[in-house]
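All heavy atoms count here, side chains included; hydrogens, waters and symmetry mates do not.
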Amino acid sequence: MAQEALQKVAAEMGVGIKVETNGASGVGNQLTAEDIRKAKAVIIAADKAVEMDRFDGKPLVNRPVADGIRKTEELINLALSGDAEVYHAVHGAKTATASNEKQSLGGAFYKHLMSGVSQMLPFVIGGGIMIALAFLIDGALGVPQDSLGNLGSYHELASMFMKIGGAAFGLMLPVFAGYVAYSIAEKPGLVAGFVAGAIAKEGFAFGKIPYAAGGEATSTLAGISSGFLGALVGGFIAGALVLAIKKYVKVPRSLEGAKSILLLPLLGTILTGFVMLAVNIPMAAINTAMNDFLGGLGGGSAVLLGIVLGGMMAVDMGGPVNKAAYVFGTGTLAATVSSGGSVAMAAVMAGGMVPPLAIFVATLLFKNKFTKEERNSGLTNIIMGLSFITEGAIPFGAADPARAIPSFILGSAVAGGLVGLAGIKLMAPHGGIFVIALTSNALLYLASVLVGAIVSGVVYGYLRKPQA
């Protein structure tokens, strides 16, 4: 959407532009050295680290991706005004994150977080759906009552799906932490981040931590995963430590190559590993407590959880609040997939499907309040909503946030609450209607989403002012 907004506004302004995309599917329409040489200025609209060294010597504007959608003309004008700061690469390895010295602490945190999340999602989605299919295959083929403990790997075909999915899903935390560290400290931080994520996944820790276990002997946290929280903290620790080593450990110029290849990965891994062995203790305790809490939710608590998670998905439609809810939902999958899936994940996906579908409802019922172009966009949003692509509603939310966003939050919260009330579970981390078979009640799930979309669409359409 940022690409489309930049191209559309640039065309209206009579400005030539080439837009390189860098999303979950990789780099598209990549800029060549000749493209960059001819360019008068560069605009970076990204929520993740991108390769920056190639823009050395160019006037550069560095903003979040939302500004590329909402403040498109402002960015183009600033880039061409002569007031944009000229970017200078340092040591040939700076990224967009490092280049923006004025970036707020919260903005830097979000950019590093999103760098990890965007690299992690393919592993979550691919691995999670493979694991879910393993349970479906065993369920379809039948498993004896005395072998239900092996559900998901009882039949050979299901077992193959389970092993492949488990291999992909198992890389989720190391990849996440690795790319958070990479966003902070570039390639030298990658190995330390992977190690931090692996330790978070496996749950290694110093010593034993006593806790009550039926009033009997104490146990240990070693072997108890600290999960996403541990990987998150570990990724930032790894990146910060490697960055500190780069800055404070000096070597002769002749050994600079060895420093990047040998010294930084080695020292970074050693320091990160030992720090994580300590950090994993409180993170594992928090993770365990959170999972126990979620496991005990029922009735009104599940409804409240669904309302909160569903509503969060519509607050910024792909921004930090949306991603926090999504990551929380996916974090519950590993512990619940064997019991039929996660109510939290089901509420998250339902809430995320509502805003784009609400756009269609609003444009259908209140045609006089939308332009022809907006009504056509409403049709496109059917596909985006059914595919669980919440970002489809961003242009409408950005154009009229005071009316659109509260309407979206209301409908998404209703959908999430209905899912929680019905106790509907989901075994897949993504896919929308294409993974509807992986819910515990497909008809009730679709009804919950539909009710939420109608509520949002009617409220938004009613509040919106008619077009002149």
Side chain to side chain contact (heavy atoms under 4.5 Å, CB included), paired with Thr72, selected from Asn77, Leu6, Ile43: Leu6

Do you know the tightest heavy-atom contact between [X] and [Y]?
X	Y	result
Ala314	Pro355	CB-CG, 3.9 Å
Val354	Gly411	CG1-C, 3.8 Å
Gly420	Val303	C-CG2, 4.1 Å
Pro356	Ala393	N-CB, 4.0 Å
Leu31	Glu20	N-OE1, 2.8 Å
His112	Val180	O-CG2, 3.6 Å

Check whether any side-chain heavy atom of [X] lies under 4.5 Å from a side-chain heavy atom of [Y], and answer yes or no.
X	Y	result
Val343	Leu305	no
Val348	Met313	yes
Leu426	Val419	no
Phe194	Thr269	no
Leu60	Glu85	no
Tyr87	Asn62	no
Phe388	His430	yes

Taking [X] for the side chain and [Y] for the main chain, is one N or O donor matched with an acceptor at less than 3.5 Å?
X	Y	value
Asp316	Asn322	yes
Lys18	Gln30	yes
Lys58	Arg37	yes
Ser387	Ile389	no
Ser183	Tyr179	no
Tyr326	Pro429	yes

Taking atom [atom1] of [X] as the centre, does the number of heavy atoms from other residues, nucleotides or ligands within less than 6.0 Å exceed 12?
X	atom1	answer
Lys247	NZ	no
Ile261	CD1	no
Lys71	NZ	no
Glu12	CD	yes

From [X] atom [atom1] to [Y] atom [atom2], the distance as rounded to the nearest 0.5 Å:
X	Y	atom1	atom2	result
Leu171	Lys201	CG	NZ	8.0 Å
Ile199	Met283	CD1	CE	14.5 Å
Leu229	Leu173	CG	CG	10.0 Å
Ile184	Leu190	CD1	CG	12.0 Å
Ile433	Met353	CD1	CE	6.5 Å
Ile409	Met317	CD1	CE	8.0 Å

Ring pair (Phe, Tyr, Trp, His ring centres under 6.0 Å) partners for Phe176, two or more places apart: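 With neighbours one apart ignored, the set is Phe228.
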
Residues in ring pair (Phe, Tyr, Trp, His ring centres under 6.0 Å) contact with Phe396, at least two apart in sequence or another chain: none

Of all pairs that satisfy side chain to side chain donor-acceptor pair (under 3.5 Å), the ones with a partner from residues 402-414, not counting sequence neighbours: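 Found Asp400-Arg403.
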
Test log, rule side chain to side chain contact (heavy atoms under 4.5 Å, CB included), inputs Phe169 and Met130: CA-CA 9 Å; Phe169 205 75; Met130 288 287 286; over 6 Å; no

Worked verdict on Arg63 versus Leu78 for side chain to side chain contact (heavy atoms under 4.5 Å, CB included): CA-CA 11 Å; Arg63 297 285 185 84; Leu78 178 57; 3.6 Å; yes

